Asks: 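Below is the structure I would like to discuss, written out as structure tokens.
Keep in mind it's a predicted model, so treat the numbers as computed, not measured.
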Number of protein chains: 2
Amino acid sequence: MEQHHTLAHVLRQEQLRYTNQRQAVWDEIKSTDAHRDAEEIYMALRQDNISVSRATVYRTIEVLVKYKLINKIDIGDGRSRYEHANNTEHHDHLICTNCGKILEFVDESVEELQCDIAKKYGFKLDYHIHQLFGLCKKCK
Amino acid sequence: MEQHHTLAHVLRQEQLRYTNQRQAVWDEIKSTDAHRDAEEIYMALRQDNISVSRATVYRTIEVLVKYKLINKIDIGDGRSRYEHANNTEHHDHLICTNCGKILEFVDESVEELQCDIAKKYGFKLDYHIHQLFGLCKKCK
DNA sequence: CCTATTGTTGAGAATGAGTCTCATGGATAT
DNA sequence: ATATCCATGAGACTCATTCTCAACAATAGG
Ligand SMILES: [Zn+2]
Ligand SMILES: [Zn+2]
Ligand SMILES: [Zn+2]
Ligand SMILES: [Zn+2]
């Protein structure tokens, strides 16, 4: 699967312009499974001598989140983190409150229960945040 | 149960000083089941002609969260909300993305599954955030 | 009580992530 | 090519929250 086409096609479909900057930001986020914030992504681009402004990084992230190419993760420390959603199934996160390590987990039972809960209260579920905080194996 | 003693005792136990301002903030938060942000709590105090500075509201909230007299709720809109934890059992939240309505739910099965997940990954669980976003009965 | 000690408060400055503005540039269509 | 109009960059701006520091007030000891 040529990843290059994914972004271009999404943008074209949404009547947005395909630009080098948007491709660069997307490439950068795709390049790792890390959960990085906007500043880290921006600095990584600078490191590679790719010139994209901070504003454009933020604006591109907004687009990528909107069209679900990336996921936004908020661990409650005042800045949002992002991960690519390429070939990944839905998952939630375990976060170590000591070292900051982020693990991913998948639990179908919980996902189903969430649907039941929403139904019970008459909600039409859109998305959810489910994060377990504690000490990881090393830190405890 | 005299609520007045609760805060005084917690503060004394933690070698913190019992002040009128801290009591006033705690009283204000206790007075409703709403999920309010710091500014709303501050304004409510002013409305009642109680003089507590914004800084003290923030600082007191920090103490109250630390000693679990109140819970912090982050619905991802850039400001934290708070609810008192007086005679309430643990619950999580359903949030309407259209009108902002916040409902509470309790689900023992999910709580147990969370323990299992943490155990599976070697985490010592401390707390969790579980929020279901979507449209409420009225908005959908 | 009086005093010393030390944590707390208030006012406003500072911080910092994220957003906005606007002139310039580049993608796309004809 | 040319026109159209969205995207970009630089920096100003916003807004919740935190910090600073001088004045103050809660406890402890005498
Ligand atoms: Zn999930
Ligand atoms: Zn993840
Ligand atoms: Zn829960
Ligand atoms: Zn609640």
Asks: Return the residues of residues 44-58 of chain B meeting this criterion: a heavy atom under 4.0 Å from some atom of DNA chain D. Order them by number, or give none.
Replies: B:Ala55, B:Tyr58
Asks: For the pair made of CD in B:Glu62 and P in D:dT18, what is the distance, rounded to whole Å?
Replies: 6 Å
Asks: For D:dA7 and A:Arg22 - does any side-chain N or O of the residue sit under 4.0 Å from the phosphate oxygens OP1/OP2?
Replies: yes
Asks: Select from B:Gly78 and A:Gln15 the residue whose nearest nucleotide in DNA chain D is closer to the 5' end of that strand.
Replies: A:Gln15
Asks: For A:Glu62, does the CD atom sit with more than 12 other heavy atoms under 6.0 Å from it, leaving out its own atoms?
Replies: no
Asks: I need the CD1-C1' distance between B:Ile61 and D:dT18, as an integer number of Å.
Replies: 13 Å
Asks: Below 4.0 angstrom from OP1 or OP2 of D:dC6, is there any side-chain N or O of A:Thr19?
Replies: no
Asks: When you compare the side chain of A:Asp27 with that of A:Val25, does any pair of heavy atoms fall below 4.5 Å?
Replies: no
Asks: With heavy-atom distances below 4.5 Å as the criterion, would you say the side chains of A:Arg36 and A:Arg81 are in contact?
Replies: no
Asks: If you measure from CD on A:Gln21 to CD1 on A:Ile50, what distance do you get to the nearest 0.5 Å?
Replies: 10.5 Å
Asks: Can you measure A:Tyr18 atom OH to C:dA27 atom C1' for me and round it to whole angstrom units?
Replies: 12 Å
Asks: Phosphate oxygens OP1/OP2 of D:dT8: is one of them under 4.0 Å from a side-chain N or O of A:Arg17?
Replies: no
Asks: Is the side chain of B:Thr60 donor-acceptor paired with the backbone N or O of B:Thr56 at a distance under 3.5 Å, no angle test?
Replies: yes
Asks: Calculate the interatomic distance between A:Asp77 atom CG and D:dT17 atom P; express it in whole Å.
Replies: 14 Å
Asks: Starting at CZ of A:Arg79 and ending at C1' of D:dC15, how long is that distance when rounded to a whole Å?
Replies: 18 Å
Asks: Give me the ring orientation class for B:Phe133 and A:Tyr127: parallel if the planes are under 30° apart, tilted from 30 to 60°, perpendicular past 60°.
Replies: parallel
Asks: Does any part of the side chain of B:Tyr121, heavy atoms only, come nearer than 4.5 Å to the side chain of A:Lys137, both counted from C-beta?
Replies: no
Asks: Look at the side chain of B:Ser80 and decide which nucleotide, out of D:dT17, D:dG9, C:dA27, has an atom nearest to it.
Replies: D:dT17
Asks: Rounded to the Å, how far apart are B:Asp37 CG and D:dC15 C1'?
Replies: 12 Å
Asks: For B:Arg81 and D:dA16, what is the distance between atoms CZ and C1' respectively, to the nearest whole Å?
Replies: 12 Å
Asks: Once you round it to whole Å, what is the distance between C1' of C:dG18 and OH of A:Tyr42?
Replies: 14 Å
Asks: Record whether the side chain of B:Arg59 comes under 3.5 Å of the base of C:dG7 through a donor-acceptor pair of N or O atoms.
Replies: no
Asks: Taking only the side-chain nitrogens and oxygens of A:Gln21, find out if one of them lies under 4.0 Å from OP1 or OP2 of C:dG26.
Replies: no
